[in-house]
Participant: 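Encoded as C-alpha coordinates, here's the structure I'll be asking about.
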Amino acid sequence: MNFITVLITFIAMEGATWLIHKYIMHGFLWILHRDHHDHSNSGFLEKNDYFFIIFALPTIALMYFGSLRDYNYLFYIGLGIMLYGMAYFFVHDIFIHQRFKWLSKTNNRYFLALRRAHKQHHKHLGKEEGECFGFLYVPMKYFKMYTNNEKI
(Lines give C-alpha, C1' and ligand atoms only; values in the text may rest on other atoms or scores of the structure.)
Protein backbone atom coordinates (compact mmCIF):
# COMPACT_ATOMS: atom_id res chain seq x y z
CA MET A 1 0.00 0.00 0.00
CA ASN A 2 2.89 2.38 0.73
CA PHE A 3 4.26 1.92 -2.79
CA ILE A 4 0.81 2.70 -4.23
CA THR A 5 0.63 5.89 -2.14
CA VAL A 6 4.06 6.99 -3.43
CA LEU A 7 3.13 6.14 -7.04
CA ILE A 8 -0.25 7.90 -6.95
CA THR A 9 1.35 10.96 -5.34
CA PHE A 10 4.11 11.03 -7.98
CA ILE A 11 1.54 10.84 -10.79
CA ALA A 12 -0.74 13.43 -9.12
CA MET A 13 2.20 15.81 -8.90
CA GLU A 14 2.09 16.21 -12.69
CA GLY A 15 -1.38 17.73 -12.42
CA ALA A 16 -0.38 19.79 -9.40
CA THR A 17 2.70 21.00 -11.26
CA TRP A 18 0.60 22.08 -14.24
CA LEU A 19 -1.78 24.04 -11.99
CA ILE A 20 0.97 25.60 -9.88
CA HIS A 21 3.06 26.50 -12.91
CA LYS A 22 0.18 28.04 -14.88
CA TYR A 23 -1.70 29.84 -12.13
CA ILE A 24 0.90 30.60 -9.47
CA MET A 25 4.30 30.76 -11.17
CA HIS A 26 2.82 32.52 -14.21
CA GLY A 27 0.44 34.37 -11.88
CA PHE A 28 1.09 36.17 -8.63
CA LEU A 29 4.59 34.66 -8.17
CA TRP A 30 5.74 35.65 -11.66
CA ILE A 31 8.20 37.95 -9.90
CA LEU A 32 10.14 34.82 -8.87
CA HIS A 33 9.63 32.86 -12.09
CA ARG A 34 10.28 35.60 -14.67
CA ASP A 35 14.08 35.31 -14.67
CA HIS A 36 13.71 31.68 -15.68
CA HIS A 37 12.10 32.86 -18.92
CA ASP A 38 13.94 36.08 -19.72
CA HIS A 39 17.35 35.09 -18.26
CA SER A 40 17.64 38.42 -16.45
CA ASN A 41 19.66 36.86 -13.63
CA SER A 42 23.38 37.53 -13.61
CA GLY A 43 24.62 34.50 -11.69
CA PHE A 44 24.23 30.75 -11.58
CA LEU A 45 21.12 30.87 -9.40
CA GLU A 46 17.80 32.40 -10.39
CA LYS A 47 14.98 33.83 -8.28
CA ASN A 48 13.06 30.89 -9.74
CA ASP A 49 15.24 28.61 -7.61
CA TYR A 50 13.34 29.79 -4.53
CA PHE A 51 10.60 27.42 -5.66
CA PHE A 52 12.90 24.58 -4.61
CA ILE A 53 12.60 25.80 -1.01
CA ILE A 54 8.90 26.62 -1.33
CA PHE A 55 8.14 23.06 -2.47
CA ALA A 56 10.67 21.36 -0.19
CA LEU A 57 9.25 22.73 3.06
CA PRO A 58 5.84 21.00 2.93
CA THR A 59 7.54 17.85 1.65
CA ILE A 60 9.91 17.80 4.61
CA ALA A 61 7.01 18.50 6.98
CA LEU A 62 4.95 15.62 5.55
CA MET A 63 7.86 13.20 5.84
CA TYR A 64 8.76 14.38 9.33
CA PHE A 65 5.27 14.20 10.80
CA GLY A 66 4.58 10.93 8.99
CA SER A 67 7.74 9.42 10.46
CA LEU A 68 6.63 10.38 13.97
CA ARG A 69 3.48 8.31 13.52
CA ASP A 70 5.08 5.00 12.54
CA TYR A 71 5.70 6.13 8.95
CA ASN A 72 2.05 6.62 8.13
CA TYR A 73 0.56 7.81 4.82
CA LEU A 74 1.88 11.38 5.32
CA PHE A 75 5.45 10.09 5.07
CA TYR A 76 4.72 8.27 1.81
CA ILE A 77 2.92 11.25 0.30
CA GLY A 78 5.98 13.34 1.14
CA LEU A 79 8.20 10.65 -0.37
CA GLY A 80 6.21 10.72 -3.63
CA ILE A 81 6.53 14.51 -3.77
CA MET A 82 10.25 14.27 -3.06
CA LEU A 83 10.79 11.71 -5.82
CA TYR A 84 8.87 13.93 -8.25
CA GLY A 85 11.06 16.86 -7.19
CA MET A 86 14.18 14.80 -7.83
CA ALA A 87 12.90 13.82 -11.28
CA TYR A 88 12.12 17.47 -11.93
CA PHE A 89 15.66 18.51 -11.00
CA PHE A 90 17.35 15.88 -13.15
CA VAL A 91 15.10 16.28 -16.17
CA HIS A 92 14.37 20.03 -16.07
CA ASP A 93 17.55 21.55 -14.68
CA ILE A 94 20.13 19.06 -15.94
CA PHE A 95 18.69 17.55 -19.13
CA ILE A 96 16.57 20.38 -20.54
CA HIS A 97 18.29 23.55 -19.32
CA GLN A 98 21.80 22.06 -19.06
CA ARG A 99 22.62 23.83 -15.79
CA PHE A 100 25.18 21.07 -15.49
CA LYS A 101 26.57 19.79 -18.76
CA TRP A 102 25.39 16.21 -18.35
CA LEU A 103 22.92 14.20 -20.38
CA SER A 104 23.10 16.57 -23.33
CA LYS A 105 22.72 14.04 -26.12
CA THR A 106 19.87 11.64 -26.68
CA ASN A 107 17.98 10.03 -29.52
CA ASN A 108 15.16 8.93 -27.25
CA ARG A 109 11.86 10.07 -28.77
CA TYR A 110 10.26 10.83 -25.40
CA PHE A 111 13.15 13.01 -24.21
CA LEU A 112 13.36 14.81 -27.55
CA ALA A 113 9.61 15.51 -27.42
CA LEU A 114 9.89 16.61 -23.79
CA ARG A 115 12.69 19.02 -24.65
CA ARG A 116 10.71 20.41 -27.63
CA ALA A 117 7.57 20.94 -25.51
CA HIS A 118 9.62 22.80 -22.93
CA LYS A 119 11.18 24.97 -25.63
CA GLN A 120 7.67 25.82 -26.79
CA HIS A 121 6.86 26.88 -23.24
CA HIS A 122 9.92 29.13 -23.12
CA LYS A 123 9.32 30.81 -26.46
CA HIS A 124 6.99 33.13 -24.55
CA LEU A 125 9.03 35.57 -22.46
CA GLY A 126 5.98 37.03 -20.71
CA LYS A 127 3.67 35.34 -18.26
CA GLU A 128 0.73 35.18 -20.69
CA GLU A 129 0.15 33.00 -23.74
CA GLY A 130 2.14 30.09 -22.38
CA GLU A 131 1.73 26.43 -23.24
CA CYS A 132 3.04 23.09 -21.96
CA PHE A 133 2.89 23.92 -18.25
CA GLY A 134 3.33 20.32 -17.17
CA PHE A 135 6.59 18.54 -16.75
CA LEU A 136 6.62 14.83 -17.61
CA TYR A 137 3.45 14.68 -19.71
CA VAL A 138 4.19 15.55 -23.32
CA PRO A 139 1.38 16.33 -25.79
CA MET A 140 1.24 13.89 -28.70
CA LYS A 141 2.02 16.57 -31.29
CA TYR A 142 5.59 16.74 -29.97
CA PHE A 143 6.03 12.97 -30.28
CA LYS A 144 4.85 13.16 -33.87
CA MET A 145 7.68 15.57 -34.63
CA TYR A 146 10.15 12.74 -34.01
CA THR A 147 8.62 9.97 -36.08
CA ASN A 148 10.52 8.91 -39.18
CA ASN A 149 13.80 9.88 -37.48
CA GLU A 150 13.27 13.63 -37.75
CA LYS A 151 15.70 15.72 -35.72
CA ILE A 152 15.25 19.00 -33.85
Side-chain angles (χ1 to χ4, degrees), residues 1-27 29-30 32-60 62-63 66 73 75-152:
M1 187 62 181
N2 296 334
F3 174 76
I4 298 297
T5 302
V6 171
L7 183 63
I8 288 171
T9 301
F10 186 95
I11 292 168
M13 282 302 298
E14 182 66 16
T17 298
W18 189 93
L19 290 168
I20 291 165
H21 192 179
K22 181 169 176 71
Y23 295 109
I24 295 175
M25 296 169 85
H26 281 252
L29 287 181
W30 176 250
L32 294 178
H33 188 57
R34 186 183 76 210
D35 67 347
H36 183 64
H37 281 264
D38 67 14
H39 305 289
S40 59
N41 61 311
S42 58
F44 180 73
L45 296 176
E46 304 171 337
K47 287 181 189 173
N48 186 67
D49 293 327
Y50 283 116
F51 286 111
F52 171 79
I53 296 166
I54 291 168
F55 297 136
L57 291 175
T59 304
I60 292 166
L62 284 165
M63 293 179 78
Y73 70 97
F75 177 84
Y76 294 101
I77 290 170
L79 183 61
I81 295 170
M82 182 193 76
L83 292 172
Y84 187 87
M86 290 172 64
Y88 184 92
F89 174 75
F90 283 108
V91 174
H92 181 263
D93 288 325
I94 294 177
F95 175 70
I96 293 174
H97 286 291
Q98 292 291 294
R99 289 182 84 174
F100 302 99
K101 303 298 179 195
W102 309 329
L103 308 172
S104 60
K105 296 183 172 130
T106 184
N107 289 324
N108 181 282
R109 194 171 151 217
Y110 170 75
F111 285 116
L112 290 171
L114 181 70
R115 185 181 278 159
R116 172 59 64 194
H118 200 77
K119 283 184 180 185
Q120 286 301 113
H121 175 74
H122 276 272
K123 78 177 185 180
H124 304 285
L125 297 181
K127 68 181 190 174
E128 288 87 20
E129 299 180 9
E131 57 186 294
C132 299
F133 289 98
F135 168 57
L136 295 174
Y137 169 76
V138 180
M140 190 55 67
K141 69 180 181 178
Y142 298 106
F143 281 106
K144 290 178 182 176
M145 295 173 75
Y146 297 100
T147 55
N148 300 325
N149 297 323
E150 293 178 28
K151 301 291 180 194
I152 293 180

Participant: Between atom CZ of Arg34 and atom NZ of Lys47, what is the distance when rounded to the nearest 0.5 Å?
Facilitator: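 Here the rounded value is 6.0 Å.
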
Participant: Could you state the interatomic distance from CD1 (Ile24) to CG (Leu29), rounded to the nearest 0.5 Å?
Facilitator: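 Spacing of CD1 (Ile24) from CG (Leu29) equals 7.0 Å.
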
Participant: Can you give me the closest heavy-atom contact between Ser40 and Asp35, atom names plus distance?
Facilitator: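 For Ser40 versus Asp35, the nearest heavy atoms are OG-CB, 3.5 Å.
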
Participant: Might you work through the side chain to side chain contact (heavy atoms under 4.5 Å, CB included) test for His37 and Trp30, ending with a clear yes or no?
Facilitator: CA-CA 10 Å; His37 281 264; Trp30 176 250; 3.9 Å; yes

Participant: How far does CD1 of Ile4 sit from OG1 of Thr9, to the nearest 0.5 angstrom?
Facilitator: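 Between atom CD1 of Ile4 and atom OG1 of Thr9 there are 11.0 Å.
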
Participant: Does atom CZ of Phe89 have more than 12 heavy-atom neighbours, drawn from other residues, nucleotides or ligands, at distances under 6.0 Å?
Facilitator: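 Counting other residues, nucleotides and ligands, CZ of Phe89 exceeds 12 neighbours.
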
Participant: Of all the heavy-atom pairs spanning His33 and Asn48, show the shortest one and how long it is.
Facilitator: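 For His33 versus Asn48, the nearest heavy atoms are ND1-OD1, 2.6 Å.
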
Participant: Measuring from atom CH2 of Trp18 to atom OH of Tyr137, what distance do you get when rounded to the nearest 0.5 angstrom?
Facilitator: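 Going from CH2 on Trp18 over to OH on Tyr137, the span is 11.5 Å.
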
Participant: Nearest 0.5 Å please: distance from the CE atom of Met13 over to the CZ atom of Phe135.
Facilitator: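 Taking CE in Met13 and CZ in Phe135, the distance rounds to 10.5 Å.
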
Participant: Leu79 and Asn2: side chain to side chain contact (heavy atoms under 4.5 Å, CB included), yes or no, with the steps?
Facilitator: CA-CA 10 Å; Leu79 183 61; Asn2 296 334; over 6 Å; no

Participant: Near Phe44 CZ, under 6.0 Å, is it more than 12 heavy atoms from other residues, nucleotides or ligands?
Facilitator: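 Enclosed.
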
Participant: Less than 4.5 Å apart, any side-chain heavy atom of Met25 and any of Ile20?
Facilitator: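 Sidechains of Ile20 and Met25: in contact.
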
Participant: Using a 6.0 Å distance limit plus a 45 degree cone around the ring axis, check whether Arg109 lies over the aromatic ring of Phe143.
Facilitator: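 Output no; distance or angle outside limits.
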
Participant: Is the distance between the ring centroids of His36 and His121 under 6.0 Å?
Facilitator: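 Centroid separation for His36 and His121: 6.0 Å or greater.
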
Participant: Would you please name every residue forming a side-chain contact (heavy atoms from CB on, under 4.5 Å) with Leu136, sequence neighbours left out?
Facilitator: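 Here the qualifying residues are Phe10, Glu14, Tyr84, Tyr110.
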
Participant: Got a second to check how far Tyr73's OH is from Thr5's OG1, nearest 0.5 Å?
Facilitator: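 Rounded to the nearest 0.5 Å, the OH-OG1 separation comes to 10.5 Å.
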
Participant: Given the rule in the side chain to side chain contact (heavy atoms under 4.5 Å, CB included) test, do Met63 and Thr59 qualify, once you have shown the distances and angles that lead to the verdict?
Facilitator: CA-CA 6 Å; Met63 293 179 78; Thr59 304; 4.3 Å; yes

